[in-house]
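Written out below as structure tokens is the structure these notes cover.
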Number of protein chains: 2
Amino acid sequence: MKLPILPALQWGAQYNRELLVSDLVAALIVTIMLIPQSLAYAMLAGLPPEVGLYASVAPLVLYTLLGTSRVLAVGPVAVISLMTAAAVGEQAALGVHSYWQIALTLAFISGGLLLLMGFLKLGFLANFLSHSVVSGFISASGLLIAASQLKTLMGVQASGDNFFILIWSLIQQIPNTNVLTLAVGLLATGFLFWVRQQLKPLLIKIGLNKLAADIVTKAGPVMAIVVTTTLAWQLDWPDAGLKVVGTVPQGLPPLTAPLWDLTLWKDLFVPALLISIVGFVESVSVGQTLAARRRERIEPNQELVALGACNISASLTGGFPVTGGFARSVVNADSGARTPAAGLFTAIGITLASLLLTPALYYLPQATLAATIIVAVLSLVDFSIFKHTWRYSKADFAAVAVTLASTLLLGVEIGLVAGVVLSLAMHLYRTSQPHIATIGLVPGTEHFRNVLRHDVRTSPHVLCLRIDESLYFANARNIEDRLNAEVADNPKLKDVVLQCSAINDIDASALESLEAIEKRLRDAGICLHLSEVKGPVMDRLEKSDFLKHLSGQVFLTNYRAVQHLCPEIIQTKSVL
Amino acid sequence: MKLPILPALQWGAQYNRELLVSDLVAALIVTIMLIPQSLAYAMLAGLPPEVGLYASVAPLVLYTLLGTSRVLAVGPVAVISLMTAAAVGEQAALGVHSYWQIALTLAFISGGLLLLMGFLKLGFLANFLSHSVVSGFISASGLLIAASQLKTLMGVQASGDNFFILIWSLIQQIPNTNVLTLAVGLLATGFLFWVRQQLKPLLIKIGLNKLAADIVTKAGPVMAIVVTTTLAWQLDWPDAGLKVVGTVPQGLPPLTAPLWDLTLWKDLFVPALLISIVGFVESVSVGQTLAARRRERIEPNQELVALGACNISASLTGGFPVTGGFARSVVNADSGARTPAAGLFTAIGITLASLLLTPALYYLPQATLAATIIVAVLSLVDFSIFKHTWRYSKADFAAVAVTLASTLLLGVEIGLVAGVVLSLAMHLYRTSQPHIATIGLVPGTEHFRNVLRHDVRTSPHVLCLRIDESLYFANARNIEDRLNAEVADNPKLKDVVLQCSAINDIDASALESLEAIEKRLRDAGICLHLSEVKGPVMDRLEKSDFLKHLSGQVFLTNYRAVQHLCPEIIQTKSVL
């Protein structure tokens, strides 16, 4: 299926009334859910709450036009907001530009990079973020975000360069806790956990249908906001030290422009790149999961273009970096969204909210927003990956552990880069130390297996080796060493057969090593043969002089090599 | 063979008079060759000529005690001197410390890093410098060095941030050329090329024995120096604008200490690391080449320790970064050195030279030294690698070309790093896009091959696929996509068999993908089977739950899978 440049043309042509109703219902539910979420994530990013609403309008429209997922909902998400806070905070501390303007610029650069990656078809780059690194990073981000919200929940000031310093600073602040704030925060948190885990079954039990129960449950954060805001207003809680959101400007998202400051762009380049990649990975994972359920597919390179346009539109309408969010997309899908038009209707809903609802947010307690964030992000923290990877693969365990620890200790950017670099380094190290098996014939078959693991037949004159790795510069010398050692240990040797079934490539450095091996064996009176060389590898070897000089032959199968070189180990088969 | 910590104990115990004579003769020849070379490389590094002599004494002694090659000669070498000039020049321009002291410190840091790598057994790191990158880097370094000496040959001032700017600056300086200097330089260059290429056969033709012809030939640079120095002195050439070496202090290498300046150390860290790795690679390559000729072997991790000690000793005795040099080691071996004691004797020879000969160097023309450098380094420049790699592997060609171009344009450090990063990135990219072959049975065998390349038998109900790569995070998603597409294209499918003969590892991310593939196939009513799973991979799969849920079976061979699933494609064999 070739997708059009504007995927909206495809589904738009078939739009009808039935689809419209489904999409409208979904949009209503998502809007109700997004209002508190947008305010909360803007706060998490260090921005005024209305910016969260602005960032939820234009990106939704752009994704509707350009995206390939039918149900993905784009807007502020927790991890990207945390990364934005880290990147913008550092620059804003310099005092040259305002915090908001830097955030706009970050969204613009990130959008530009996403567009560029899309045009260059670099979607595959996301594959280099392994599942282990992403897991460790997301869990660490969840913990960092939750910790950052605790100070709002306690009504104190606290800060720290890393997770542990922040926690220590919070502990020191315990005596200064504002009891009213803490009470509101804890009650809201408890309520939201209860809504998330127990309200829906309860509602269904008392007779509500599933859709209604769903809407009520998703509206949990709105209920918490309405109740705490009303109480704060009626009981004058701000006078008792409870911090509220305060004046939120009323109106449409403003038109804005990024800062054109080359030094700032240079400093924001790396954070913007990391935000782009993490946002893309999160968005594509969500999109693929939801598409697979509906037997549809998404096109990663088109997604890059769509997300790039979303972020640029966010930067031009007063927003900050956005991506496809997990929670909102799942809600969108579960609520019955059928086409991306649901996103468009959600955008209209949010616009109405920012036009009409903002005065009502004056008395909204910040602790309530902190509670919604904490409840949302703690579901991201998943330590079961430690157990799985420890059992299955120590290298993956190390990738999870290092990513998690370095994100908590050194921050989101260094943590993520450390995880990627470590996982690539471990992969390269492993391939530089290849497993090489001496193999023999499995009796009664034409199949060869490791002499150490299977009961196989071998000949003292013919050594069959299977190198379990492509030959390339990083392992060429190891293979030379191993072959030299094997030859030294087998004085009766006349032939060496390399079974190449696991060799997927031979680069120029490895070809030099093969030539050196061949020459050394020839000097010792030993022939070198190859067997089971794959097509692509053979094509390439034929372009070199190696096969012309080769003292031995290239056999189609290792069995044929043995038939030719030491038939006795096969013939004895019939004696048995 | 386990090597002792002090390899000298091994050969020292068997030392005798015959070995002594061989070693003394070799030492004499190497000393004669090293005097001009040491002066020239110190000049190349931007240091006073006597520093080259100092750097050739203590390192030779330390290598004699600690090294594992019997013939490697350690001292200043061209590429390391060039890298030293680049690193020290940048720091010296700041004006805080003197050039020489920074060079001493660089040698100290580099030595420390080598020792550390040796103790941590990190010798394998050198494997990540592919042959293509090293070739490109060495050729570019040769060109850079030759260009840097042209100004001395012309007797002008010129400088440039990169090779092309430098050449352009030299062209602009042509009108200012000192004709006498140029004449001396060109004659010396011509003479040295003639000695190198034609003198030895000539001497043998006129009746000299091979050893004597060799000594005379190696003494070529000394002859050029003696003749031009004598002429410069007798004819008062310095008055005519010819630059000479001038006063060289007479005496033993001085005791010195590195600078203890943390900022400087931080700035020198990356250059020192690159110098260590390049020096190690050069030294080990030379050592291995010479050891293989004599059926000996060298121990890379012990070499790291030895070279580390050599560099630290250089920094404590007025020297600069050193490593095992190709030319001097070959001369040492060819002249009959039998044990590392030859190095010790060479060190004594150089010490005598720096005690007694330095006054005689006053009138040595700098152009003569430049000529010896040019002739030495142009032999490093080898463009045939372009042709070979272009034919064999475009990825290797790209690695050579990018390393060469970026070294010429951006300098030795960036050039080298660019080459390594590119070659690793290309390797990772390739493994992230694995070759996946649909395979069928080769009639009359138990062997399976690609349906596109071989005339093989297949069944419409059973799809056999061979994935030509280990499964890891970077390719897990591609494999999922390919399998989904294959299944969509084959509506009659009942069984999919993955032949795992080329899969050397399955990491945690890939295991998740396999589980997703298995689940999707099961939902579509298709069984997933594995065949020819290797021992180490099977061990790991058994630690996960994958095999418990697997809808199909794990077959020892793909042939058995076919016997079980679609015996009809085998039975027809007997009909033929």
Side-chain angles (χ1 to χ4, degrees), chain A residues 124 127-133 292 388-389 391-393 395-396 423-424 427-435 437 442 445-447 449-450 452-453 468-470 472-478 484 501-505 507-509 511-512 516 520 532 534-536 540 543-544 556-557 559-560, chain B residues 124 127-133 292 297 388-389 391-393 395-396 423-424 427-435 437 442 445-447 449-450 452-453 468-470 472-478 484 501-505 507-509 511-512 520 532 534-536 540 543-544 556-557 559-560:
Chain A
F124 73 88
N127 295 342
F128 288 96
L129 271 182
S130 79
H131 184 258
S132 306
V133 169
H388 291 140
T389 52
R391 263 175 63 203
Y392 183 69
S393 150
D396 278 294
S423 57
L424 290 175
H427 174 72
L428 290 170
Y429 177 74
R430 205 191 49 69
T431 61
S432 78
Q433 314 275 334
H435 178 247
V442 180
T445 73
E446 298 181 6
H447 190 64
R449 276 297 169 108
N450 191 340
L452 301 177
R453 288 173 175 266
D468 283 350
E469 201 62 62
S470 292
Y472 78 113
F473 54 90
N475 60 27
R477 195 174 290 160
N478 280 325
N484 291 346
S501 50
I503 295 174
N504 307 310
D505 190 32
D507 79 355
S509 301
L511 182 69
E512 290 225 353
R520 216 164 298 154
E532 309 195 8
K534 290 178 194 175
R540 180 169 281 185
K543 288 187 201 151
S544 76
L556 179 72
T557 70
Y559 187 72
R560 289 209 182 154
Chain B
F124 73 88
N127 295 342
F128 288 96
L129 272 182
S130 80
H131 185 257
S132 307
V133 170
R297 63 190 280 263
H388 289 141
T389 53
R391 264 177 62 205
Y392 184 70
S393 150
D396 278 293
S423 56
L424 289 175
H427 174 72
L428 289 170
Y429 177 74
R430 204 191 50 69
T431 61
S432 79
Q433 314 277 331
H435 178 247
V442 180
T445 73
E446 299 182 5
H447 190 63
R449 277 295 171 110
N450 191 341
L452 301 176
R453 290 173 175 265
D468 283 350
E469 201 62 62
S470 292
Y472 77 114
F473 54 91
N475 60 26
R477 195 175 289 159
N478 280 324
N484 291 345
S501 52
I503 295 173
N504 308 309
D505 190 33
D507 79 355
S509 301
L511 182 69
E512 289 223 355
R520 216 165 297 153
E532 308 196 8
K534 290 177 195 177
R540 180 170 280 186
K543 288 186 202 153
S544 76
L556 180 73
T557 71
Y559 187 73
R560 288 207 184 158

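Each chain gets a letter, A, B and so on, in the order the sequences are listed, and its residues count up from 1. In this text the structure is predicted, and so the values were computed from the model without any measurement.
At a 4.5 Å heavy-atom cutoff, the contact between B/T389 and chain A is made by side-chain atoms alone. Proximity to chain A is limited to the side chain of B/V442, based on heavy atoms less than 4.5 angstrom apart. For a residue to count as touching a neighbouring chain, one of its non-hydrogen atoms must lie under 4.5 Å from one of that chain's; by this rule A/S432 touches chain B with the side chain only. Both the backbone and the side chain of B/L424 come within contact range of chain A, judged by heavy atoms closer than 4.5 Å. The parts of B/E532 that come within reach of chain A are both its backbone and its side chain, each placing non-hydrogen atoms under 4.5 angstrom from that chain. Neither the backbone nor the side chain of B/L452 comes within contact range of chain A; no heavy atoms are under 4.5 Å apart. For B/A395, no part lies near chain A; criterion is any non-hydrogen pair under 4.5 Å. Interface remark: B/R477 contributes side-chain atoms only to the contact with chain A (heavy atom separation under 4.5 Å). Interface remark: B/N127 contributes backbone and side-chain atoms alike to the contact with chain A (heavy atom separation under 4.5 Å). At a 4.5 Å heavy-atom cutoff, the contact between B/E512 and chain A is made by side-chain atoms alone. At a 4.5 Å heavy-atom cutoff, B/N450 makes no contact with chain A through either its backbone or its side chain. With a threshold of 4.5 angstrom between heavy atoms, B/F124 approaches chain A through side-chain atoms but not through N, CA, C or O. Looking at B/S132, the atoms closer than 4.5 Å to chain A (heavy atoms on both sides) sit in the backbone and in the side chain alike. When heavy atoms are compared at a cutoff of 4.5 Å, B/R540 approaches chain A by way of both its backbone and its side chain.
Note on B/S544, B/P434, B/P536: by heavy-atom pairs under 4.5 Å with chain A, the leading option is B/P536. Chain A forms the most heavy-atom pairs under 4.5 Å with one residue out of B/H388, B/Q433, B/R449, and that residue is B/R449. The choice from A/S423, A/S501, A/A508 that makes the most heavy-atom pairs within less than 4.5 Å of chain B is A/A508. Options B/V133, B/N478, B/D505 differ in how many heavy-atom pairs under 4.5 Å they form with chain A, and the most are formed by B/D505. Comparing B/A437, B/A502, B/A476 by heavy-atom pairs within less than 4.5 Å of chain A, the highest count is held by B/A502.
In this structure, CG on B/L129 lies 9.0 Å from CZ on A/F473, to the nearest 0.5 angstrom. Atom CG of B/N475 is separated from atom CZ of A/F128 by 8.5 Å, given to the nearest 0.5 angstrom.
Using modelled atom types, one side-chain atom of B/N504 and one backbone atom of A/D468 make a donor-acceptor pair closer than 3.5 Å.
In summary, B/R560 and B/E446 do not engage in a salt bridge, as defined by a charged side-chain N under 4.0 Å from a carboxylate O.
A parallel orientation is assigned to the rings of B/Y472 and A/H427, their planes being inclined by less than 30° (bins at 30° and 60°).
Looking at B/E469 and A/S470, their side chains come closer than 4.5 Å, going by heavy atoms from C-beta outward. Contact annotation: the side chain of B/Y392 approaches that of A/L511 to within less than 4.5 Å [non-hydrogen atoms, C-beta and beyond]. Considering only heavy atoms from C-beta on, A/I503 stays 4.5 Å or farther from A/K534 through its side chain.
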